[in-house]
Each structure stands twice: as structure tokens, then as C-alpha cells.
Amino acid sequence: MENHSNEGVTSIMHLSDDCLYIIFQFLDCSSDRESFGLTCRRWLNIQNISRRSLQFQCSFSVYDIASLSWRSTVIGAYHLHRLLARFQQLNHLSLSGCTDLPDSALTPLQFYGSQLHSLYLDCCFELTDNGLSLVATSCPFLTVISLYRCHITDAGLQTLAMNSPALKRINLSYCPLVSDCGLRAISQACYQLQAVKIFCCREISGTGFSGCSPSLSYIDAESCNLQPKGIAGIVSGGGLEYLSMSGISLSIPRDGLAEIGCGLAMRLKILNMRMCRSIGDESIMTIAKGCPLLEEWNLALCHEVRISGWESIGMKCNKLEKLHVNRCRNLCDRGLMALREGCKRLSVLYMSTGSRLSPAAILSFKLCRGNVEIKEEEIMFIGPDWNRWKSIHSNV
């Protein structure tokens, strides 16, 4: 009997690497993707080069500081070198929570950091300007970097600015050694800059934003020591859509925030002024007139807003959808009536019942504006998180 050979028979093992790569990309089940590399070394290599994101077990949310102690772990140059050598096509790397990470541990980025687009170093307490300089020179295509609670200085930011012109988002929250000087270097050199977080940076007045790119649309400057000239710098780019300045310095005069409404913040959609206790009607009136696209405005605990302010909001804020007036001492019946008669697109009003608001005025508001949901709980953070800003606003 004739013996038929297997000559001409094709199996999956005969497929090229390009075909295997395409097959791997179409695997939807995470367990299938994880077990793909167990087949053989060749398939493992396909799995390795397909990986785009890496974060360690110690990575955490910046809002989850309480559990940091048990999540932190020791990551050294040896660990990073082996992992980065294995996953050479990474776009995203998170080392957040590696509290003991020394500058030297970032040395492998010199060989494997050319593809990185986003790098998270939140709470890397041992990171210095030397480490940041190593990152800047090793990752030329970096677009996102988060340095939350890092002890870097203006010198490190200047090096980052010189070597990362493609930078779009940077988080400098709780970086106590950063000032307007470092911020100016970033805003001047990074022409594609879109989002900046400087939460609780006490050495920043805002002047570092002067002359910033029109692409800058998101600024979180809560609890900073902003000054009137700094406010002018913040809006100088003309592209601002989101501005959070809750709890800023009390040294700003009543009309110190009027610069927001002087023509350069025409695109502003979300404005958080919670706990800006010194802001007066002059600033409110100017902002209401000069920011026609406002959709959400937080004025909780803004005690100096009076009749003229509320009336200007009612008349001018025609696109306002959400308004926060919790615990505003000078919101009276007449002010509530102005909001009732204006703000035609208002859908949510965050309002606590104050001593100057009568039950009759509140009832009248509810009857006339039944489509407006009144919520008494106070919302401290408004708008989208900075990481979701690009996906929410396609023009950013």
C-alpha cells in the first residue's frame, strides 16, 4: 500500500510572526492572552512584544494613600532591567507607589524607554532631579508624566521641558519644591501641553503660565497661592476649558479673579471656585459675562457673592447646567429668584438651605423649575478627571 507522507500539510506553527501577532491582537479573553506565551518560546516572544502597558503591584490611585504602606515594594534597577528587556514595546509604565525607588533604578530607561508615552511616578519619594533628567533624556516621546508627591525642583522641570517637547499632560500635585520658574519652562517649551495639575503647590502664583500654548485646556490649581497676575497668566493661552481653583489664597482681593472674564477664557466650560471666600460681585459679573460657554460653576462657600452676582449669573450664564451654591451665606430669596428666572439650561442645583432662604422662595423655585434637580450634598470635586479629559473633549 502506498505510504502517504505529511508533506504539504500546514499547521499553525508554520505561520509567520506577523500572522501570530495578528492572532494575538484578536484574543479578547484575558486568560487566553496570558496563556498564549505558554505554548513555546516563539509564541512567548510574540506575547512579550505585544504588551503595551506595565504596572507593578504597588501601583495605586493617588486618592488611595491610606493603603500605601502595604502596597509599597522594593523595585530596583535589576527588576526594571529584566522586565523592560522582556517588554520592549511599552507605551505605558507605572511605578507609582514604589516609595524607595532610587534614581539609579531608572537607568534601564536609557535602553528601553524610547517607546514610552506615559510614565507614572506618583509617591516615588526617593526620586530627585537626577532621576527626572534621566527620564527626560531617555524617553523622547513622553506625552504624559505624573510626579505626584515627588521631591523634584525647578531644575528637573527645566530639563524635562528641554527634552520632552511632545508633553501633553503633567501632574505636579503636592510637589513642594516646584515654583513658577519650573512651570514657566514647561509651559513655554511644550507647545502641545493640554493638562496641568498643581494641586497644593504653595510656591506657585500662576505667573508661570504666562504665554502658554492655546492647547492648554485643563488646569487644576486647587489650594495654590494664586495671585491676580497669576490668574492673568492662567488664562493667557486662550484655550482653557477646565479650571479648578478651590481654596486658593485669601490674599486675592474681591475683584482679583475678574481677569478670568476679561476675554481670554471664552471657551471655559467648567469652573471650580469652591471656598474662594473673598471673591466679590465684580468678579462674578465679569466672569458671567466673559465666559458664555460655562456649563458647571462651583461657588460653594463663596460668602461674598450677593444680589448683583446672582443676578448676573441668571442673566448671562445661558448654557449653565450645574451650579453649586452650598453654604453661600448671602444667597437670599431675591438671589434665588434671579437664578429661577434665568439659567434656562440649568439641570442640577447643589444648594443647602441657608438662614437667608425662606421656605416660600425654595418652594417657588421648585414649582417654576421642576426640571431642575436640587441636591443638598456638597460635591467637592467637579468635572472629569484629567486622564479622561482628552476622551471627553475630542478637540483637546
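The chain is numbered in sequence order, starting from 1.
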Closest approach of [X] to [Y] (non-hydrogen atoms, all atoms of both residues):
X      : Y      : answer
Ala185 : Ala161 : O-CB, 3.3 Å
Leu95  : Cys124 : O-SG, 3.4 Å
Leu331 : Met351 : CD2-SD, 4.3 Å
Glu222 : Ser244 : OE2-OG, 2.8 Å
Cys343 : Ile313 : SG-O, 3.5 Å

So [Y] and [X], do their side chains get closer than 4.5 Å, heavy atoms only?
X      : Y      : answer
Arg369 : Leu346 : yes
Ile234 : Leu226 : yes
Leu294 : Lys269 : no
Cys200 : Arg202 : yes

Please verify the inter-ring angle class for Tyr242 with Tyr218; under 30° counts as parallel, over 60° as perpendicular, anything in between as tilted.
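Judged by the thresholds at 30° and 60°, the geometry between Tyr242 and Tyr218 is parallel.
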Taking [X] for its side chain and [Y] for its backbone only, find out whether a donor-acceptor pair lies under 3.5 Å.
X      : Y      : value
Ser347 : Glu321 : yes
Ser187 : Leu183 : yes
Ser164 : Ala166 : no

Same cluster (ILVMFWY, side-chain, under 4.5 Å), [X] and [Y]:
X      : Y      : result
Leu257 : Leu264 : yes
Val135 : Phe111 : yes
Met285 : Val305 : no
Val372 : Ile362 : yes

Find the distance between [atom1] ([X]) and [atom2] ([Y]) and round it off to the nearest 0.5 Å.
X      : Y      : atom1 : atom2 : value
Thr137 : Leu134 : OG1   : CG    : 5.5 Å
Arg356 : Cys328 : CZ    : SG    : 12.0 Å
Gln110 : Cys139 : CD    : SG    : 10.0 Å

I need the single residue from Lys375, Arg274, Glu296 that forms a side chain to side chain donor-acceptor pair (under 3.5 Å) with His324. Which is it?
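Answer to the side chain to side chain donor-acceptor pair (under 3.5 Å) test with His324 among Lys375, Arg274, Glu296: Glu296.
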Going through the checks in order, is the side chain to side chain donor-acceptor pair (under 3.5 Å) test met by Ser364 and Arg340?
CA-CA 9 Å; Ser364 175; Arg340 183 192 73 194; 2.5 Å; yes
Residue of the set Val325, Asn272, Ile287 for which side-chain contact (heavy atoms from CB on, under 4.5 Å) holds with Trp297
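Answer after filtering Val325, Asn272, Ile287: Ile287.
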Could you point out which residue of Thr159, Ile145, Leu106 forms a side-chain contact (heavy atoms from CB on, under 4.5 Å) with Leu132?
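Among the candidates, only Ile145 passes.
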Is the positively charged end of Arg149 above the ring of Tyr174, judged by distance under 6.0 angstrom from the centroid and angle within 45° of the axis?
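Judged by the rule, Arg149 and Tyr174 form a cation-pi pair.
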Carboxylate-amine/guanidinium proximity below 4.0 Å for Lys319 and Glu295:
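Between Glu295 and Lys319 there is no salt bridge, as every charged N stays at least 4.0 Å from the carboxylate O atoms.
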May I ask you to decide whether Arg334 forms a salt bridge with Glu311, counting only side-chain N to carboxylate O separations under 4.0 Å?
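Yes.
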